[in-house]
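In what follows, chains are A, B, ... by sequence order, proteins preceding strands, each numbered from 1.
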Amino acid sequence: MDLSSLPGFRDFYPEQMALRKHIVAVWRSVAERYGFVEYDGPPLEPLDLYVRKSGEEIVGQLYRFTDQGGREVALRPEMTPSFARMVGARAGGLPKPIRWYSVPQLFRYERPQKGRLREHFQLNLDIVGESGDLADSEIVAAAIDMLRGFGLASEDFVARISDRGLVGGLLTAHGVSEAGLGPAFAALDKLDRESEDWVLERLQAAGASEEGARRLLHLAELELDELVAVAGDVPLVREAAARLGRVIQNLESFGLGAYVQFDPSLVRGLAYYTGTVFELWDRRGEFRAICGGGRYDQLLAAVGGPDLPALGFGMGDVVLGELLRARGLVPPEPSAIDDYIICVEPEQRALVLRLTHGLRDRGRRVAYDFASRSVGRQFKAANQAGAERAIVVGPDEAATGVALVRTMASGEEARLSIEKLLEA
RNA sequence: GUGGGCGUAGCUCAGUCGGUUAGAGCGCCAGGUUGUGGCCCUGGAGGUCGCGGGUUCGAUUCCCGUCGCUCACCCCA
């Protein structure tokens, strides 16, 4: 029988667990600095919760099964439906805007590859009930500050930002039909992966003329002000551009301008975004997107939640972990103990246990040798455990009540009363 | 779901043009005596050579299958 872990699932040995704890700790710290509160939902949900939102074709990518009660269930592949339900149940009574975050473990049934497993932890941070542009900048700023919290700077990553309304307005102005908007967004999203001809073809299939499609590709390379100069006579474009301009201006006021870059070719593949969209990318381009999000004003109502504007982002631990590793930003593993008590002879065992437990009661992390090995071996064990101090208890110490305390890093030794050690 | 690469010790790998008991470094454990770690020396444990089948006197080595890992595609919540 094969008892190894399932494909795409990870064993977290202490070394990996330390990195995971670090990542989650930074996420929580920054989220709470922004005034967000943490929530969580069930990892297992009714299958329908996801089918209703995304359609039947998504079912193949779900971890799903029938439980012993005959219920069709799925391991959660994303947090938004659960979030919508929870917010919906209490939205009426909550002061707006709602600022909630979560760090769920999510699952998908897909072939694992770089930066993509069948299981991962993903920070979800959302604001509900606010349609103003300050909420958009708040969300993007939080995402940027997450990466800053890991020690990454503006030369390491960039926040590419755009607006669905802006791009949608341009597409419409160039002949793309209402129904063609989704496919056209998806085509633009692939500009960096597919050939220009491929994208041109798709844009024309969505309703644009050949000339219109070419013009759109050209527009996708412009700066925001250039774009307004060229296409500002389209009301939708003018409004969305002005709003996006304010969002970017807010980020500059935060002092985060160096991290932000307008990118009209960024649209994100997902159909439900309605306004601001953004992604965080490694500047060297070695990894897939580190984080993505945006405004989804109609989604909550569409999945059975409240009819409230909302926006947020997700950031997974896999790509982020790879990036931190590659940049040498994984903090060293902290030592597990403070004091190692060395027992010289079996006669001192009881005193060693009393000292050990007394120090533990005071909050010290304490270990000692289970076997009666030589003092040299015990020092070696203290060293391996990364102990700050080794405390020797032998016949002399037992007789005088004064222990020998050796500071491992420096080798300095001092004699301290055992009673004193247990007080302080 | 499709295609490429790779599976030898806990880790990183060597090796075998088919041939006795499959190796190294690191790590781990134990010694280097009677109360002092890091360095050093000595010794030890640890491998169904991913698994199954085939060819052969003989397979870790060659062939087929399979599973796993990995990278890319598809897709991306």
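Residue contacts shown for A/G411 include a base, since a base heavy atom lies under 4.0 Å away. Using a 4.0 Å heavy-atom criterion, one finds that A/L106 contacts no nucleic acid atom at all.
Nucleotide B/A30: paired with B/U42 (Watson-Crick or G-U wobble, both distances less than 3.5 Å). With both pairing distances under 3.5 Å, B/G65 is matched to B/C51 as a Watson-Crick or G-U wobble pair. Across all strands shown, the partner of B/A72 is B/U2, judged by Watson-Crick or G-U wobble contacts whose two distances both fall under 3.5 Å. Summarising the base pairing, B/G23 is matched to B/C13 through a Watson-Crick or G-U wobble pair whose two defining distances lie under 3.5 Å.
No hydrogens or angles considered: nothing links the side chains of A/Y39 and A/N124 as a donor-acceptor pair under 3.5 Å. Between the side chains of A/E388 and A/Y340, no donor-acceptor pair is found at a separation under 3.5 Å. A/E412 and A/T407 form no side-chain donor-acceptor contact under 3.5 Å, judged by distance and modelled atom types alone. A donor-acceptor contact closer than 3.5 angstrom is absent between the side chains of A/Q61 and A/Y109. A/Q105 and A/E119 are linked by a side-chain donor-acceptor pair at a separation below 3.5 angstrom, with hydrogens and angles left out of the test.
Separation of the P atoms belonging to B/C29 and B/G3 is 47 Å when rounded to the nearest angstrom. A gap of 23 Å separates the P atoms of B/C67 and B/C11, to the nearest Å. When the C1' atom is used for both B/G10 and B/C71, the distance is 26 Å, rounded to whole Å. One P atom belongs to B/C17, the other to B/U61, and the distance between them is 13 Å to the nearest Å. With both ends at atom C1', the span from B/C64 to B/C74 equals 29 Å, rounded to whole Å. When the P atom is used for both B/U21 and B/C73, the distance is 48 Å, rounded to whole Å. With both ends at atom C1', the span from B/G46 to B/A30 equals 15 Å, rounded to whole Å. Look at the P atom in both B/G18 and B/C63: the space between them is 10 Å, to the nearest Å.
With rounding to whole Å, A/Y340 atom OH is found 14 Å from B/G37 atom P. Taking atom CE of residue A/M315 and atom P of nucleotide B/C76, one finds them 21 Å apart after rounding to whole Å. Between A/K114 atom NZ and B/C73 atom C1' the separation is 16 Å, expressed in whole Å. The distance from atom CZ of A/F379 to atom P of B/C39 is 16 Å, rounded to the nearest whole Å. Counting to the nearest Å, the P atom of B/U2 and the CD atom of A/E110 are 15 Å from each other. At whole-Å resolution of the value, CZ in A/R118 and C1' in B/C69 are 13 Å apart. One atom, CD of A/Q113, and another, C1' of B/G5, lie 15 Å apart when rounded to the nearest Å. Distance A/E279 CD to B/C76 C1': 11 Å, rounded to the nearest Å.
Side-chain nitrogen and oxygen atoms of A/K190 include at least one within less than 4.0 Å of the OP1 or OP2 phosphate oxygen of B/C75. At the phosphate of B/C28, OP1 or OP2 sits under 4.0 Å from a side-chain N or O atom of A/Q384. Between A/R373 and B/A30 there is a side-chain polar atom (N or O) within less than 4.0 angstrom of OP1 or OP2.
A donor-acceptor contact under 3.5 Å is formed by the side chain of A/R116 with the base of B/C76. For A/R377 against B/G37, no side-chain N or O and base N or O form a donor-acceptor pair under 3.5 Å. You'll find a donor-acceptor pair under 3.5 Å spanning the side chain of A/E397 and the base of B/G35, going by distance alone.
Of the options A/V73, A/L47, A/L75, a side chain to side chain contact (heavy atoms under 4.5 Å, CB included) to A/L62 is made by A/L47 and by none of the others.
Of the listed nucleotides (B/G35, B/G37, B/C69), B/G35 has the atom at the smallest distance from the side chain of A/D396.
Of the two residues near RNA chain B, A/G115 and A/V375, the one whose nearest nucleotide lies more 5' is A/V375. Of the two residues near RNA chain B, A/R111 and A/G394, the one whose nearest nucleotide lies more 5' is A/R111.
Within the cation-pi definition used here (under 6.0 Å to the ring centroid, within 45° of the axis), A/R76 does not qualify as a partner of A/Y50.
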